[in-house]
Amino acid sequence: MKTKIKLGIAGINHLNGNRGVGALAISTIYLLDEIANENNLSLELYAISNQKGLHQINVGNKKVPVHYILSNRFDVKSIINLIKPKNLKSLLSYLKLDIVLCMGEGDSFSDIYGLQRFNSINDQHRFARLFRKKYTLLPQTIGPFKEKKIKKKAFKSINSAFSILPRDSQSYLYVKENTKINNISEVIDIAFCMPYAKNEFSMNYINVGLNVSALLWNGGYTKNNQFGLKSNYIDLIDETIKYFLSIPNVKLHLVPHVVLLNNNVENDYQVTLELFDKYKNDNLILAPFFLDPIQAKSYIAGLDFFVGARMHSCIAAFSSGVPVFPMAYSRKFNGLFKDTLQYEWMGDCVNESNDEVFTNMKDAFNNRELLFNKIKSSTEDIVKPRLILLKEKIKEIIIA
């Protein structure tokens, strides 16, 4: 009889309106289920999130049970809150965990989004140390850490981990050069393995997808160009829409990747709907309000070319073979696409002007076959071997 291993997964939420965060959750669960089946392991999965209860999560053609237990902050008030009767079950479940895998929402183990976001991720590492749980950092961007106090906290979490699995070359080198941990392997973003079913669009047109990031459109959480863009993002998007609508055989699909029900600085759907109403063009298509990340990836997979500022919308394109032009706002893009995937077609909105980004985007669009072939070769030579390595490393963590 197989021994049941209780795995906690922090920094994921399959119900998050950010379909990139959801993609990480579903992909992680999908990969863990594969590892369990291939190695005759019995895993019981616990997502450490602000959801509760047992969820049957659709991953491909099957449902995987995942227990959601309460995530909490590492402060006196929050810890006292954990021992209240309504939360005690979550705490007891946490204490029974054998291992904690930390996803960090893919890019939040950094200070680019501010102290509060960093603390929400780092607190999960601190909880693991408090209760003497073995923990590892799943594939994610690590850093940058500009603030000294944050850097000190981050390095303590890294040095105390069982292993570190950066998803890109820059994060790998950053950890290697600044910390003492030896058990570190550069792998790939886990969403590359997320299943999908390719949508079919009319072959009479070139179907182009454009993901507009509400976060960049609104100037970040601070609403004052938080990410220090050299490009004027609003003007760049308007210019991009006008360009593709000027080409008679192009259907331009506006593809929101963060979809929320309320007015929010993060809500791509809200900004996208306003743009759709503004242009009112027969060749402009508003993508559906995606109910889950697989639906989003399946839609993107059917396109002929894709432009996006949300990291995982671009990963959805790349991992389904769609020529893609990311509009980068942080080094997480450069580290993954340019350094790890050796993919040169990208707009760097932090360091490039609108003219530079726009010119490079048009060049990418006009060389779609070249991009397609590069994605194909990178998938075979880089992505597939790293996914195999990722599975080996996670297996090593589970059975160590």
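- Distance check: Asn283 CG to Leu245 CG gives 7.0 Å after rounding to the nearest 0.5 Å.
- In this structure, OG on Ser49 lies 4.0 Å from CG on Asn13, to the nearest 0.5 angstrom.
- For the residue pair Ser231 and Glu352, no side-chain donor N or O sits within less than 3.5 Å of a side-chain acceptor on the partner.
- Here the CZ atom belonging to Phe244 is positioned 9.5 Å from the CD1 atom belonging to Ile206, to the nearest 0.5 angstrom.
- Below 30°, between 30° and 60°, or above 60°: for Phe118 and Phe109 the angle between ring planes is below 30°, a parallel geometry.
- To the nearest 0.5 Å, atoms CG (Asp189) and OG1 (Thr340) are separated by 10.5 Å.
- A cation-pi contact, defined as under 6.0 Å to the ring centre and within 45° of the axis, is absent between Arg129 and Phe127.
- For residues 298-325, every residue pair satisfying the salt bridge (Lys or Arg N to Asp or Glu O under 4.0 Å) rule, not counting sequence neighbours, is listed here: Glu266-Arg310, Asp268-Arg310.
- Linking Ile, Leu, Val, Met, Phe, Trp and Tyr residues whenever their side-chain heavy atoms come within less than 4.5 Å leaves Val258 and Met194 in two separate clusters.
- Remark: Lys332 NZ to Tyr329 OH distance equals 3.0 Å, nearest 0.5 Å.
- Residues Thr136 and Lys393 bring no donor and acceptor atom of their side chains to less than 3.5 Å of each other.
- Between Lys278 and Asp238, at least one side-chain N (NZ, or NE/NH1/NH2) sits under 4.0 Å from a carboxylate O, which counts as a salt bridge.
- Between the side chains of Asn263 and Gln270, at least one donor N or O lies within less than 3.5 Å of an accepting N or O.
- Residues Tyr299 and Phe201 place their aromatic rings such that the two centres sit under 6.0 Å apart.
- Note: Lys6 NZ to Glu44 CD = 3.5 Å, rounded to the nearest 0.5 Å.
- Defined by atom type and a distance below 3.5 Å, a donor-acceptor pair is missing between the side-chain atoms of Ser353 and Asp355.
- Annotation for Pro139 and Val187: closest pair CG-CG2, 3.7 Å, computed over non-hydrogen atoms.
- With respect to Lys242 and Glu239, no salt bridge is recorded, no charged nitrogen being found less than 4.0 Å from a carboxylate O.
- For Ser171 and Thr141, the side-chain atoms include no donor-acceptor pair closer than 3.5 Å.
- Not less than 6.0 angstrom separates the ring centroid of Phe365 from the ring centroid of Phe325.
- Checked against the 6.0 Å centroid criterion, the rings of His14 and Tyr68 qualify as a close aromatic pair.
- Side-chain contact check for Asn18 and His312: no donor-acceptor pair (N or O, by modelled atom type) lies under 3.5 Å.
- Classification of Glu38 and Lys391 as a salt-bridged pair holds, one side-chain N sitting under 4.0 Å from a carboxylate O.
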